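Everything below concerns the one structure shown next.
First the proteins, then the strands, lettered A, B, ... as listed; each starts at 1. Not measured: the values here are computed from a predicted model.
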Number of protein chains: 2
Amino acid sequence: MSLRYAVLGLLANEPGSGYDLTQRFDAILGRHAWHAQHSQIYPELKRLSGEGLISVVAEGPRGRRTYDITEAGRNDLRTWMRNYPEAGVVRNEYALRLFFLGALEPADARALLEKYSQAGEEQAQAIHAIRPELDQRPLLGFGRLAAEFGARYFEMQRDWAQWAIDQLDHEHGP
Amino acid sequence: MSLRYAVLGLLANEPGSGYDLTQRFDAILGRHAWHAQHSQIYPELKRLSGEGLISVVAEGPRGRRTYDITEAGRNDLRTWMRNYPEAGVVRNEYALRLFFLGALEPADARALLEKYSQAGEEQAQAIHAIRPELDQRPLLGFGRLAAEFGARYFEMQRDWAQWAIDQLDHEHGP
DNA sequence: ATTTACATGTAAGACGTTACATGATTCT
DNA sequence: AGAATCATGTAACGTCTTACATGTAAAT
């Protein structure tokens, strides 16, 4: 059921076509929270439109249809948002891998941790880079609060990986 | 393909039955990294066993079969681990909700942020509580490095939510 | 004796990915 | 003229959840 709310939330932020939403998923949302391909998005737009939660507000070249959220849709989104889930869907391949570091030999574990550290630094920088624009208007569904969360997350990942490397070095000689 | 490696990783940590693995997913892994029900686990164990990546090492009451990872399985797991994915699967309902805080009225957003803060504190405490045992032996697939990551993650969540509440209060009056 | 926990399995339907399919508009 | 981007759609296949189904062993 989350795809439904991902789409509603993105449209609540800014109207857009299926094509636009596909890009927003690819750019931001899909990296951190939820992913969807266009093959899932277009049917979902039809469904939501049929239920009156979104509607076509403009048509453009190549059959482009721009959707916006309706009042009914906004209410549905808010109701969902107000209800904090006891057991929400969480699936994270990177976190999964980090559980099994013990299965690697120290040299391989170290190399992997370097990648976690590097990726953390890069992603944090990427967020800092777009932050100035966020104060003007939300970008691709990325508001100030979410940006801060993302930045803190990736800085934490970077620092944790460095700490973990230190731990390994102390155990197996620097 | 990640379920496969979640199972291999858990068995690499400690042998267990389908029932045991179901509990490990429920207790730790499913909350942070990957989830699976028994209805998915049992068929997966058969598949992995058929491929020679795991094998039955003990049988017990009620048809219980304890599996352990084989050398072939350990190699497969290590190969997967060494390969850091460019675009791994990430799906997080909690993070998704946090992207759309702007859709709520300030009072509702504040209430939700309080829940994020509280949940962060509780989960961080839960990890600290089991940490002493981790130094003796890995517990439910939860090694020291992963525990530290989890603790830092939830402390970050708590602190971010408090920061976000401050931001809202400054915008809309305390 | 009854309840709880242990233990495994299958089936239907929902959700998600990959591949197939088509065409218009814009840029170089 | 050709390439890249924009734009939408469907089908087959794989994964995941929910529900159905069954039985044993241990604890109260």
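The aromatic rings of A/His32 and B/Phe99 lie parallel to each other, with less than 30° between the two planes, well short of the 60° mark. Classification of the A/Tyr42-A/His38 ring pair by plane angle, with boundaries at 30° and 60°, yields perpendicular.
Atoms CG (A/Asp20) and C1' (D/dT5) sit 13 Å apart, rounded to a whole Å. Rounded to whole angstrom, the span from the CZ atom of A/Arg64 across to the P atom of C/dT26 amounts to 12 Å. Taking atom CD on B/Glu44 and atom P on C/dT8, their separation rounds to 15 Å, with Å as the unit. For the pair B/Tyr19 OH and C/dC6 P, the computed distance is 4 Å after rounding to whole Å. To the nearest angstrom, C1' of D/dT5 lies 14 Å from CG of A/Asp26. Per the geometry, CD1 belonging to B/Ile41 stands 10 Å off P belonging to C/dT8, to the nearest Å. Here the P atom of nucleotide D/dG14 and the CZ atom of B/Arg4 are 14 Å apart, to the nearest Å.
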Polar pairs (N or O, both sides) under 3.5 Å between protein and nucleotides 23-28 of chain D?
| residue | atom | partner | partner atom | Å |
| --- | --- | --- | --- | --- |
| D/dA25 | O4' | B/Arg62 | NH1 | 3.4 |

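Looking at B/Asp159 and A/Arg152, no side-chain N of the basic residue comes within less than 4.0 Å of a carboxylate O on the acidic one, giving no salt bridge.
The side-chain tip of B/Arg97 points at the ring of A/Trp80 from less than 6.0 angstrom away and within 45° of straight on.
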Carefully, step by step, assess A/Arg64 and A/Ser17 under the rule side chain to side chain contact (heavy atoms under 4.5 Å, CB included). CA-CA 7 Å; A/Arg64 176 188 169 94; A/Ser17 66; 3.3 Å; yes
Give the C-alpha distance, both sets of side-chain angles, the deciding distance and a yes or no for side chain to side chain contact (heavy atoms under 4.5 Å, CB included) between A/Val7 and A/Leu21. CA-CA 8 Å; A/Val7 169; A/Leu21 293 178; 4.0 Å; yes
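Among residues two or more places apart in sequence or in another chain, the side-chain hydrogen bond (donor to acceptor under 3.5 Å, both in side chains) test is passed with A/Arg62 by none.
Within a 6.0 Å sphere centred on CZ of A/Arg131, other residues, nucleotides and ligands contribute more than 12 heavy atoms.
For the residue pair B/Gln125/B/Glu121, the side-chain donor-acceptor check at 3.5 Å is satisfied.
Distances shown here put every side-chain N or O of A/Gln23 at or beyond 4.0 Å from the OP1 or OP2 atom of D/dT5.
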For each nucleotide in nucleotides 10-18 of chain C, reading 5' to 3', give B when a protein heavy atom comes within less than 4.0 Å of its base, S when such contact involves only the sugar-phosphate, and - otherwise. BB---SSBB
